[in-house]
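Notes follow the structure.
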2 protein chains.
Amino acid sequence: MYSYTEENYLKAIYKLQEQSGEAINTNSIAGAMATKAASVTDMIKKLSDKKLLKYQKYKGVHLTDAGKKIAIETVRKHRLWETFLHHKLNFLWDEVHDVAEQLEHIQSEALIDKLDEYLGFPSHDPHGDPIPGRNGIIKVTKLLLLSDLETGKHGIISGVVNHSRLFLQYLQKNGLTLGRSIKILEINAFDLSVQIELDKVKKIHISNEVARNILIKTK
Amino acid sequence: MYSYTEENYLKAIYKLQEQSGEAINTNSIAGAMATKAASVTDMIKKLSDKKLLKYQKYKGVHLTDAGKKIAIETVRKHRLWETFLHHKLNFLWDEVHDVAEQLEHIQSEALIDKLDEYLGFPSHDPHGDPIPGRNGIIKVTKLLLLSDLETGKHGIISGVVNHSRLFLQYLQKNGLTLGRSIKILEINAFDLSVQIELDKVKKIHISNEVARNILIKTK
DNA sequence: AAATATTTTTAGACATGTCTAAAAATATTT
DNA sequence: AAATATTTTTAGACATGTCTAAAAATATTT
Ligand SMILES: [Mn+2]
Ligand SMILES: [Mn+2]
Ligand SMILES: [Mn+2]
Ligand SMILES: [Mn+2]
């Protein structure tokens with residue numbers, strides 16, 4: 001129905017839109033798509049002709065309902081495939097993204113529905129991100145940055161802000177994986193680094209940079 | 001590495017080559033690819049420049065070792081995905097081909113190796129076709145057409161010649177699926193239709209047209 | 001408010017893969 | 001062997017998505 005490239009543009013615009021709330025400008029799309037502003041303008045015109053987004057020259061774009069639907073379907077496929085790769089094929093959580101970038105463009109409703117069922121209708125992907133349902137509804141859980149928790153507070157590691165392989169590998173190596181419980185022991189007033197207790201046993205010291213990229217579910 | 005289209009051309013030429021043994025001409029490739037002869041000539045030149053096939057104007061083509069390697073890898077991916085769809089996601093054997101046509105182009109060696117392992121290193125796909133190994137080796141089992149068996153002979157349904165959805169659905173409906181044992185009870189001299197015994201219980205009458213498209217393994 | 005900087009768009013080009021129509025080469029018939 | 005039919009290639013065009021360089025519009029600084 002829609003091309004590989006069109007789906008990627010819609011997904012990128014959708015994600016920028018979720019963050020900013022405002023109209024998305026040409027340069028930020030170019031950044032997200034690793035392409036040039038001129039190419040973005042060309043593609044924007046095409047997507048606008050297809051009524052997938054609203055475009056006013058020099059004013060940026062925002063997705064129509066139709067465009068948003070395709071973006072969310074693509075996100076759903078991406079996260080279901082990541083879940084498959086992690087849970088069934090034993091890919092590590094830092095290895096799933098690149099392959100899912102390809103798999104998310106396979107066109108078959110039956111395939112995705114059956115995959116969803118086969119995986120037991122998972123609610124979250126290997127990075128803790130929510131998987132949109134068939135109906136396009138995304139259940140958002142309220143999470144806090146580990147760096148925003150006060151001393152003595154505790155919770156469960158439930159997501160990451162940074163999705164880079166390097167960061168994911170760092171977390172893996174230090175046991176800071178999804179589902180582990182943490183408690184804030186001490187916050188260093190100088191560099192804002194944090195001493196935490198992991199699973200009520202192990203003590204770990206992490207930088208503020210790391211703490212700002214871990215999402216915690218508190219009671 | 002190679003485009004979706006290049007892989008499809010190489011796979012098509014490979015299959016034509018397996019059947020005929022001779023140089024493959026432009027029109028037969030056009031037929032297999034559902035495109036025009038002019039387009040085939042264009043693509044052939046590109047594949048020839050890339051040393052994936054040998055081309056002499058007006059004399060047809062044949063794959064180089066490099067081209068054959070890519071073709072076989074694509075067949076391997078196609079058949080592994082068909083097996084996954086059938087055995088894990090409960091697709092029927094007539095439903096797997098079209099989706100596998102897309103999935104076969106996903107580029108990731110790790111993915112295919114892990115999928116192979118996850119499926120238990122299957123030797124054959126849902127249509128009885130052999131799955132090439134990592135090394136590119138295809139283990140060919142000698143099979144006979146059901147229409148070539150004499151009265152009294154028996155064997156196991158092990159493959160199909162025609163892969164059309166209509167034929168596969170017909171076989172499914174009549175219980176003529178892979179692994180079932182059959183015995184030739186009687187061959188009608190007039191229309192060459194065959195009376196067979198299925199799994200030593202059920203009697204079925206099939207046309208010569210059907211018998212010519214079922215492959216049997218005999219002891 | 002004018003000058004300057006930044007962002008966005010336009011113009012024109014290129015790569016990939018496709019097509020139709022015409023030309024050229026090869027195969028078949030007489 | 002010449003005439004005719006078939007197959008293949010060439011020429012030129014088009015769609016998709018990308019690019020660089022220049023022009024135009026908008027935003028920021030003075
Ligand atoms: Mn991802
Ligand atoms: Mn993810
Ligand atoms: Mn198939
Ligand atoms: Mn098959």
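No hydrogens, no waters, no symmetry mates; every other heavy atom, side chains included, goes into these values. Every value quoted in this text rests on a predicted model; they were computed, and no experiment measured them. Within every chain, numbering begins at 1; the chains are lettered A, B, ... in the order of the sequence lines, protein sequences first and strands thereafter.
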Practice task
Remember a base hit wins even if backbone is also touched, and classify B/T5 as base, sugar-phosphate or nothing at under 4.0 Å, heavy atoms.
Solution key: sugar-phosphate

Problem - Sugar-phosphate only, base, or nothing, as touched by B/D42 at under 4.0 Å among non-hydrogen atoms - result: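 Contact class for B/D42: base.
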
Handout entry: Identified pairing partner of C/dT6, criterion: Watson-Crick or G-U wobble below 3.5 Å
Key = D/dA25

Practice task
Provide the Watson-Crick or G-U wobble partner of C/dA15, both distances under 3.5 Å; none if there is no partner.
Solution key: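 C/dA15 is paired, partner D/dT16.
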
Handout entry: Candidate nucleotides C/dT10, C/dT8, D/dT8, ranked by approach to the side chain of A/A38 - the nearest
Key = C/dT10

Problem - Closest to the B/K45 side chain, choosing from C/dT9, C/dT18, D/dT10 - result: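 Out of C/dT9, C/dT18, D/dT10, the nucleotide with an atom closest to B/K45's side chain is D/dT10.
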
Exercise for the section: Take the angle between the ring planes of B/Y118 and A/Y118 and call it parallel below 30°, perpendicular above 60°, tilted in between. Expected result: perpendicular

Completion exercise
Between A/T35 and A/Y58, the residue closer to the 5' end of DNA chain D by nearest nucleotide is A/T35

Can you find a side chain N or O atom of [X] that sits less than 4.0 Å from OP1 or OP2 on [N]?
{"X": "A/T26", "N": "C/dT9", "value": "yes"}
{"X": "B/K36", "N": "C/dT20", "value": "yes"}
{"X": "A/Y9", "N": "D/dT16", "value": "no"}

Problem - A/D125 (side chain) donor-acceptor with A/D129 (main chain) under 3.5 angstrom - result: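 Yes, because the side chain of A/D125 sits within donor-acceptor range (under 3.5 Å) of the backbone of A/D129.
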
Problem - Pair B/F84 and A/F84, ring centroids less than 6.0 Å apart - result: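 Between B/F84 and A/F84, the centre distance is under 6.0 Å.
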
Exercise for the section: Answer yes or no: does atom NZ of A/K153 have more than 12 heavy-atom neighbours from other residues, nucleotides or ligands under 6.0 Å? Expected result: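 No, not enclosed.
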
